[in-house]
Amino acid sequence: MDFKPPRRELQGTRAAVLGSTSGIGRAIAIALAEAGADVLIHGKRSRTAAEEVAQEARVHGVRSEVVMGDVADQHACDRIVAEAWELWNGLDAWLQIAGADILTGEGRRQSFDDKLAALLAVDVVATIRLTREIGRRMKAQGGGSIVTMGWDQAETGMEGDSGELFAATKGAVMAFTRSLALSLAPTVRVNAIAPGWIKTSWGETTSSKWHDRVLRETPLRRWGEPEDVASVARFLVSRDSAFLTGQVVRVNGGSVR
C-alpha cells in the first residue's frame with residue numbers, strides 16, 4: 001500500500017483558539033496544527049498549561065505562541081485581540097471556545113445567579129465582543145473564518161438548573177452567530193458548533209446515571225470525544241467549507257433532543 005502523507009489543508013493559516021489549555025479547545029488547537037495551521041494558544045490562569053499545548057502544536061512543524069487573559073474582563077478582551085492580531089500580522093481563523101465552568105470544581109458549588117453571571121460574562125458577552133472586533137479586522141483584511149461554541153440542546157431544552165442556564169446562554173451565542181454571519185458576509189464566514197454529550201472533565205467523573213442517559217439519548221451509543229468536535233472545527237475553518245456560513249453544526253452522535 002502506498003504511503004499517503006498527512007493532509008495539510010490548513011498550511012499557512014493563522015489561527016487563534018480561545019480557551020485551548022484543556023478539553024475541547026486543546027483538541028481543536030492540536031487538530032489545526034496537525035492540518036498545518038499556526039496556532040495561538042489562549043489560557044486564563046496557567047501559562048505553564050498553555051505553553052505545554054503550544055509545544056504539542058509545534059511538534060507538527062508549525063508556529064505556536066501563547067496569549068493569556070480573562071475574557072470576562074473587557075480590557076483583557078481588547079488586549080487579547082490586539083496581541084493576537086499583531087503577533088503574525090493578522091489572523092485567518094478565530095475559534096471562540098472559552099467557556100465558564102459551572103459543572104466541576106468551584107463552579108459547581110456556586111449559586112444559580114452566580115453561575116448565570118459567569119456564563120453571561122464568558123460565554124455570551126466575551127464571545128460577542130471578541131468576535132465582533134476580530135470580524136471587523138478580518139473584513140478589512142479581506143477574509144477569515146470565525147467559529148463559536150453553542151450547545152445541541154439549546155433549541156430543544158433540558159430540565160434542571162444546568163439545562164436552563166446553558167439553553168439561555170448558548171442559545172444566545174447561536175442566535176448571535178447567525179446574525180454576525182450576515183453582518184460579515186461575504187468576506188468573513190461565521191459558524192457555530194453545538195456539541196452534545198462530550199467526555200470532558202465532567203463526563204469523565206459523572207455518575208452511572210448520567211452515563212446511562214448519554215448512551216440512551218445518543219443513537220451512536222457512545223460519548224463524544226473532544227477530537228470529534230475538533231474534526232468539525234478543522235473542517236469549518238478550511239476551504240472545504242467555503243460555502244458554509246451562519247450555520248450551527250450539531251456534533252452529538254445523532255441525538256434529536
Side-chain angles (χ1 to χ4, degrees), residues 15-20 23-25 27-29 42 44 69-74 76-78 80-81 84 93-103 107 112-136 138 144-158 160-185 188-198 200 202 224 226 228-230 232-233 235-237 241 244-252 255 257:
V17 185
L18 275 285
S20 45
I24 292 172
I28 288 174
H42 163 261
K44 175 183 176 182
D70 182 357
V71 298
D73 181 284
Q74 175 181 330
C77 285
D78 295 341
I80 289 167
V81 168
W94 182 276
L95 298 100
Q96 188 70 34
I97 312 303
D101 182 6
I102 65 165
L103 298 177
F112 182 94
D113 286 346
D114 287 343
K115 290 177 180 179
L116 177 59
L119 287 168
L120 287 172
V122 176
D123 294 59
V124 181
V125 175
T127 292
I128 292 171
R129 286 188 58 83
L130 289 165
T131 58
R132 273 173 52 87
E133 176 58 21
I134 210 71
R136 181 188 66 80
M138 284 180 171
S145 177
I146 295 171
V147 176
T148 64
M149 187 60 59
W151 179 48
D152 75 322
Q153 295 189 58
E155 294 174 312
T156 56
M158 189 181 85
D161 286 1
S162 294
E164 294 166 10
L165 289 163
F166 284 117
T169 53
K170 291 303 189 181
V173 170
M174 290 152 61
F176 165 76
T177 297
R178 295 185 182 101
S179 292
L180 186 64
L182 295 176
S183 298
L184 297 178
V188 179
R189 297 187 302 108
V190 189
N191 294 288
I193 299 174
W197 300 110
I198 306 299
T200 53
W202 175 80
D228 293 314
V229 182
V232 176
F235 166 70
L236 287 175
V237 301
S241 62
L244 288 182
T245 196
Q247 303 303 305
V248 176
V249 183
R250 292 158 65 97
V251 184
N252 65 358
S255 174
R257 276 184 58 94

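Since we're looking at a predicted model, the values are computed, not measured. Sequential numbering from 1 along the given sequence is applied to the chain's residues.
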> Any idea which heavy atoms bring Phe235 and Ser241 closest together, and the distance?
Replying inline: O-OG, 2.9 Å

> Is it true that a side-chain atom of Asn191 and a backbone atom of Leu236 form a donor plus acceptor pair closer than 3.5 Å?
Replying inline: no

> Looking at Val173, Val125, Thr169, which one forms a side-chain contact (heavy atoms from CB on, under 4.5 Å) with Leu119?
Replying inline: Thr169

> Can you list the steps and then say if Arg132 with Phe176 is a side chain to side chain contact (heavy atoms under 4.5 Å, CB included)?
Replying inline: CA-CA 10 Å; Arg132 273 173 52 87; Phe176 165 76; 3.9 Å; yes

> With distance as the sole criterion, is a donor-acceptor pair present between the side chains of Thr177 and Thr148 under 3.5 Å?
Replying inline: yes

> Between Met174 and Ala154, which heavy-atom pair has the shortest distance, and what is it?
Replying inline: SD-CB, 3.9 Å

> Does the side chain of Ile146 reach to within under 4.5 Å of the side chain of Leu184, using non-hydrogen atoms?
Replying inline: yes

> Any idea which heavy atoms bring Met158 and Trp197 closest together, and the distance?
Replying inline: SD-CH2, 4.1 Å

>> To check you understand the geometry: which heavy-atom pair defines the closest contact between Val71 and Ala98, and what is its length?
In response: CG2-CB, 4.5 Å

> Are side-chain heavy atoms of Ser20 and Ile28 found at a separation under 4.5 Å?
Replying inline: no

>> Determine whether Thr200 and Leu103 satisfy the following criterion, side chain to side chain contact (heavy atoms under 4.5 Å, CB included), listing intermediate values before the conclusion.
In response: CA-CA 11 Å; Thr200 53; Leu103 298 177; over 6 Å; no

> Between Lys170 (side chain) and Met149 (backbone), is there a donor-acceptor pair under 3.5 Å?
Replying inline: yes

> Within the side chain of His42, is there an N or O that forms a donor-acceptor pair under 3.5 Å with the backbone of Gly19?
Replying inline: yes

> Any side-chain heavy atom of Ile193 sitting closer than 4.5 Å to one from Ile24?
Replying inline: no

> Closest approach of Thr245 and Arg189, non-hydrogen atoms and distance?
Replying inline: OG1-CA, 3.4 Å

> If you take all heavy atoms of Ala126 and Cys77, which pair is closest and at what distance?
Replying inline: CB-SG, 4.3 Å

>> Using only atom types and a distance under 3.5 Å, with no angle test, would you say the side chain of Asp123 pairs donor to acceptor with the backbone of Ala100?
In response: yes

> Does Arg250 use its side chain to pair, donor to acceptor, with the backbone of Ser255 at less than 3.5 Å?
Replying inline: yes

